[in-house]
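The analysis underlying the following values was restricted to heavy atoms, covering all of them including side chains, and did not include hydrogens, waters or symmetry mates. Chain identifiers are assigned alphabetically (A, B, ...) following the order of the sequence lines, protein sequences preceding nucleic acid strands; residue numbering begins at 1 within each chain. Source: prediction; values computed, not measured.
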Amino acid sequence: MLTFSDNKAGMSGLDKDKITKIITENTSASYSNFSQKKQQKLEERIKEIKSRLESATAAERASAQKSMDEMMEDLESERDLTRHYVCVDMDAYFAAVEMRDDPRLRTIPMAVGSTSMLSTSNYLARKFGVRAAMPGFIAKKLCPELELVPGNYKKYSKVSREFSQIFAEYDPDMSMGSLDEAYIDITEFVEERREPRKISRKRFGGDCICRLPIIKPEEITESLEGSKITEKCAKCQKERIIYEDLVEFGVGRAEIVREMRFRVEQATGLTCSAGIASTFRLAKICSDFNKPNGQFELPNDRQEILHFLKDLPIRKVSGIGRVSEAHLQACGISTVGDMLEKRAIFPLVFSLLSQESFLRTALGLRGRPSSGDPKRKSVSVERTFGGTSDENLLKDEHRQICEYLFIDLGKNGIRGGKTITLKLKLASFDVLTRSLTPGKLITSLEDIYGFSMELLAKELGQEIRLIGVRLSQLTFLDEENQEVAKKTQKSVVEFWNEAKRKRRELAESDDFRILTTSSENPTTSCVVPTTHYIAPMTSSTAPFAFYKMKSSGDLPTSSKSPMTFGARSTSSRAILTPSKASPTSSGKISSPSKAAKSSPRATYRPPFMYIKPTSSAASMSSVGTLTSSEAPVTSSRAMLMPSTAPTKCSEAPTSPKVLFSVPEADTSSEDLFSSPPALKPSGIIFAFPTDPSPSGDLFTSPPAITSSDDLFTSPPAQTSSGDLFTSSEALPTSSNTEKVPCPICSLQLPNDDVIVNRHVDECLNKGLLYNDVIIPKKTSTSPKKMLKNKKAKKTVTKSSIEKFLTDFHLMTPFPKLTSPSTALTSGRRRLPVN
DNA sequence: GCGGATCAC
DNA sequence: TATGGTGATCCGC
Ligand SMILES: Nc1ccn([C@H]2C[C@H](O)[C@@H](COP(=O)(O)OP(=O)(O)OP(=O)(O)O)O2)c(=O)n1
Ligand SMILES: [Mg+2]
Ligand SMILES: [Mg+2]
């Protein structure tokens with residue numbers, strides 16, 4: 001079983017059997033099944049290995065022996081005993097930080113984590129068998145007094161930065177293997193250090209026990225007593241005595257490492273352990289040898305090294321885990337010494353790389369030279385939740401994960417990745433990954449969500465307990481754009497979530513309701529004050545959508561609210577519209593196109609704006625598009641933007657607002673996501689007539705409702721109210737006409753592609769529409785698609801459209817926030833090669 | 001390129 | 001009640 005292995009420091013002679021028993025007794029059926037399944041596979045593999053060993057012919061064995069001996073000779077020739085490598089590893093790191101900051105925890109068994117999962121435990125708790133990666137509730141059974149402390153990763157990162165700076169003084173190329181582990185090449189420093197060095201030491205006494213290290217009574221000498229300083233602790237209000245003296249550190253690598261460790265403790269109050277050897281790999285092993293708060297030096301001598309390795313259990317070697325250990329055990333190998341002795345077995349059983357890797361460990365040599373780039377290769381976000389097969393719950397989780405990933409991209413200066421991978425963990429704990437490499441860089445939240453949703457959609461129906469999304473084959477941002485992205489990507493996502501929250505709040509209020517298109521597919525919905533209604537966009541209603549804007553000061557960008565995103569003038573200049581459409585009392589309107597001719601151009605402001613992709617990161621951030629900064633025009637994608645709609649709907653609109661929907665787009669191109677779907681204006685929000693009717697404002701009175709094109713109706717749940725409005729009354733059911741409105745002048749046209757397209761072209765030529773705004777130039781066919789979108793080619797974009805609708809028309813309920821569980825967030829580099 | 005596995009921390 | 005998250009690498013297709 002996977003339950004208990006005793007690789008780590010801190011074991012007493014405690015009953016291993018008893019621990020194992022308690023663990024198995026408390027393990028759930030599903031997890032137990034999973035463990036057994038895995039164990040079974042392992043045993044099968046072991047059988048295979050054993051049978052392979054038996055079946056090997058003499059010739060095979062001889063060949064294997066020869067091959068390994070040759071390899072050994074090659075490797076031996078590269079042995080370098082001239083360098084001094086150090087691995088420093090903090091003791092019970094997360095736990096130690098918590099114990100430092102809360103003295104109460106110093107004397108009791110404790111662990112960092114939750115009842116679900118532990119990050120680590122202190123040494124007192126380890127005596128009970130409580131350790132990292134163990135569920136907290138099982139740990140509690142092993143040790144009922146165990147105190148659980150939630151993790152604080154920012155704090156651990158901060159402390160980590162503090163002590164890593166010390167190491168950097170000894171080796172500017174030092175690297176951190178994790179928050180608590182440093183790899184330091186002190187060769188040069190050792191050579192340069194010719195004289196001993198004295199360093200000040202502070203230790204603490206008195207009633208205050210906040211500061212570490214605390215001096216022991218027997219350590220207080222007369223001279224220390226003479227120079228002590230007392231002060232009042234700001235935290236516990238008790239008296240603190242500071243004893244200060246000097247400590248001398250000599251020359252040589254062991255002394256230098258003692259000095260580093262000393263300085264770490266002085267700076268942080270935390271202890272660490274270190275290993276010193278001729279390679280990083282050996283130093284790493286050595287760092288565990290005198291843990292906690294100790295160090296071990298392995299001389300740079302071949303014989304000493306081989307002797308050290310002879311009886312070393314293979315599991316102590318970094319890189320040999322539970323499974324490799326079992327495989328090697330199947331070959332009769334338990335110690336590194338065995339590895340060397342039985343090396344002739346390797347070619348019979350293991351891959352070439354494994355053979356070399358094993359031989360290198362057996363000889364105490366450095367790891368294989370690393371292959372180039374130290375850059376990050378992937379970025380991912382994953383989260384475990386209560387296992388479910390509920391589509392909506394899963395989609396919510398998925399969307400949040402994508403948002404986090406998008407934010408992380410920005411934070412880490414990453415533009416995007418070529419490959420996206422979806423990871424699922426089923427309720428059975430089985431893990432699946434599904435990946436996709438479209439022809440283009442995945443950069444925007446929409447693409448992250450859209451592509452991973454495609455992968456997810458195929459797996460729905462299973463009971464899932466974890467979703468993860470990863471981008472790999474990364475492309476990084478320029479220096480300057482990193483700064484922009486760092487700040488903006490997060491706030492953009494937050495904006496959208498705030499907008500969704502607000503929308504939901506409004507929708508729950510009695511003063512608002514959700515109206516949804518009934519004839520469009522997919523549907524579009526909008527929160528509307530109950531004092532207003534939505535009329536379909538038809539030739540008779542369209543003119544109401546267009547009202548004159550006095551100046552650019554009216555643009556939403558002028559809003560003081562930081563949560564209001566608006567269109568900037570140049571990128572969002574909306575389409576030209578007639579400014580003087582005026583309904584008659586009967587609801588009849590003068591012709592829009594005539595009005596346009598007789599009046600200066602005006603703009604209208606729809607509740608959702610369609611923003612043209614821009615090339616500059618700065619301008620993008622100012623309009624808040626949901627795309628990664630530095631995206632060039634060619635790969636960026638236009639976005640639906642809210643203007644004031646989500647946040648300002650609380651004020652009854654004084655002018656009609658246009659409701660847009662997104663038609664299915666032509667997907668013939670493989671570049672599905674670079675051409676934005678055209679927007680189709682499909683409705684207008686009007687106020688019900690008030691009493692008395694305002695005379696000045698044309699737009700507060702509704703037009704006659706004559707059209708029967710797209711219908712907006714309240715969802716069933718909301719129609720029962722005693723409103724004067726019921727959607728069925730106001731907007732009678734559709735009877736399909738054979739006409740379609742021109743999207744520009746709203747003239748009713750025969751439903752015929754040729755006629756419609758010609759008319760639209762004419763309209764465009766009249767300059768009624770700035771086609772660089774609502775229709776990006778690259779997609780010059782868009783206006784036609786706005787009318788004719790029935791023959792959409794297929795699926796992929798359809799799902800992306802649905803996603804647009806849920807995300808941007810804000811139909812999804814605001815999801816519950818689930819706090820990420822205990823984890824170490826910083827990535828770990830490969831152990832340095834030397 | 002993909003999917004499963006292993007490993008570290 | 002309850003078994004993590006992030007990143008890397010390797011193997012065998
Ligand atoms: N499965 C794991 C292992 C470790 N960690 C975190 C918590 C540890 O405190 C930190 C460092 O890991 P170590 O392996 O160095 O373990 P500790 O420092 O806790 O103990 P030790 O004294 O054995 O080094 O990483 C984790 O989150 N999950
Ligand atoms: Mg440690
Ligand atoms: Mg460590």
Please report the distance, rounded to the nearest Å, between [atom1] in [X] and [atom2] in [N].
{"X": "A:L405", "N": "C:dT6", "atom1": "CG", "atom2": "C1'", "result": "12 Å"}
{"X": "A:D373", "N": "C:dA8", "atom1": "CG", "atom2": "P", "result": "11 Å"}
{"X": "A:F137", "N": "C:dG4", "atom1": "CZ", "atom2": "P", "result": "10 Å"}
{"X": "A:I467", "N": "C:dT6", "atom1": "CD1", "atom2": "C1'", "result": "17 Å"}
{"X": "A:D430", "N": "B:dT6", "atom1": "CG", "atom2": "P", "result": "12 Å"}
{"X": "A:I138", "N": "C:dT3", "atom1": "CD1", "atom2": "P", "result": "10 Å"}
{"X": "A:L422", "N": "B:dC2", "atom1": "CG", "atom2": "C1'", "result": "13 Å"}
{"X": "A:K284", "N": "B:dC9", "atom1": "NZ", "atom2": "C1'", "result": "8 Å"}

In residues 269-279 of chain A, which residues come under 4.0 Å of DNA chain C by heavy atom?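 Heavy-atom contacts with DNA chain C come from no residue of residues 269-279 of chain A; none.
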Polar side-chain atom of [X] near backbone of [Y] as donor-acceptor pair, under 3.5 Å:
{"X": "A:S157", "Y": "A:Y153", "value": "yes"}
{"X": "A:Y156", "Y": "A:N152", "value": "yes"}
{"X": "A:D91", "Y": "A:N293", "value": "yes"}

From the options [options], select the nucleotide whose nearest atom is closest to the side chain of [X].
{"X": "A:R383", "options": "C:dG5, B:dC9, B:dT6", "value": "C:dG5"}
{"X": "A:R315", "options": "B:dC9, B:dC7, B:dA8", "value": "B:dA8"}
{"X": "A:Q473", "options": "C:dA2, C:dT3, B:dG1", "value": "B:dG1"}
{"X": "A:P135", "options": "C:dT6, B:dA8, C:dT3", "value": "C:dT3"}
{"X": "A:R434", "options": "B:dG3, B:dG1, C:dT3", "value": "B:dG3"}
{"X": "A:D180", "options": "B:dT6, B:dC9, C:dG4", "value": "B:dC9"}
{"X": "A:T433", "options": "B:dC7, B:dC9, B:dG3", "value": "B:dG3"}
{"X": "A:V323", "options": "C:dT3, B:dT6, B:dC2", "value": "B:dT6"}
{"X": "A:S178", "options": "C:dT3, B:dC9, C:dT9", "value": "B:dC9"}

Nearest-nucleotide wise, let me know which of A:L432 and A:S324 is further upstream toward the 5' end of DNA chain B.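 This one resolves to A:L432.
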Of A:R470 and A:L436, whose nearest nucleotide on DNA chain B comes first from the 5' end?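 The answer here is A:L436.
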Does the pair A:R434/A:E454 count as a salt bridge with the N-to-O cut at 4.0 Å?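 Result for this pair is no, no salt bridge flagged.
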So [X], base contact, sugar-phosphate only, or nothing? Heavy-atom distance under 4.0 Å.
{"X": "A:I320", "answer": "sugar-phosphate"}
{"X": "A:S380", "answer": "sugar-phosphate"}
{"X": "A:R465", "answer": "sugar-phosphate"}
{"X": "A:F429", "answer": "sugar-phosphate"}
{"X": "A:A133", "answer": "base"}
{"X": "A:E325", "answer": "nothing"}
{"X": "A:T421", "answer": "nothing"}
{"X": "A:K41", "answer": "sugar-phosphate"}

Using the P atom in both, what is the distance from B:dA8 to C:dT3, to the nearest Å?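 The answer is 24 Å between these two P atoms.
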Are A:F429 and A:Y31 near enough that their ring centres are under 6.0 Å apart?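 Centroid separation for A:F429 and A:Y31: below 6.0 Å.
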Any salt bridge (charged side-chain N to carboxylate O under 4.0 Å, His left out) pairs touching residues 140-151 of chain A, not counting sequence neighbours?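 Qualifying pairs: A:R104-A:E147.
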Test: salt bridge (charged side-chain N to carboxylate O under 4.0 Å, His left out). Region: residues 25-37 of chain A. Which pairs qualify, not counting sequence neighbours?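 Pairs touching residues 25-37 of chain A that pass the test: A:K21-A:E25, A:K37-A:D430.
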Whether [X] contacts [N] is assessed here as follows: a side-chain N or O lying under 4.0 Å from the phosphate OP1 or OP2. Is that the case?
{"X": "A:T437", "N": "B:dC2", "value": "yes"}
{"X": "A:S119", "N": "C:dG4", "value": "no"}
{"X": "A:S116", "N": "C:dT3", "value": "no"}

Nucleotides 11-13 of chain C: which of its N/O atoms have a protein N/O under 3.5 Å away?
residue	atom	partner	partner atom	Å
C:dC11	OP1	A:S351	OG	2.3

A:L53 versus A:I345: any side-chain heavy-atom pair under 4.5 Å?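 A side-chain contact exists here, since the closest heavy-atom pair is under 4.5 Å.
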With respect to A:I19, which candidate in A:I23, A:D17, A:D15 satisfies the side chain to side chain contact (heavy atoms under 4.5 Å, CB included) definition?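 With A:I19 as partner, A:I23, A:D17, A:D15 yield a single side chain to side chain contact (heavy atoms under 4.5 Å, CB included), made by A:I23.
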Run the salt bridge (Lys or Arg N to Asp or Glu O under 4.0 Å) test against A:E43 and tell me which residues pass, sequence neighbours left out.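 By the salt bridge (Lys or Arg N to Asp or Glu O under 4.0 Å) rule, A:E43 matches no residue at all.
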DNA chain C: A:N26 or A:V379, which has the more 5' nearest nucleotide?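 Checking each residue's closest nucleotide, the 5'-ward one belongs to A:N26.
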Shortest non-hydrogen contact between A:M68 and A:A344, atoms and distance: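 So the two residues come closest at CG-CA, 4.2 Å.
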Holding to side-chain hydrogen bond (donor to acceptor under 3.5 Å, both in side chains), I want the full list of residues that pass it with A:T475, two or more places apart in sequence or in another chain.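 Expected list: none.
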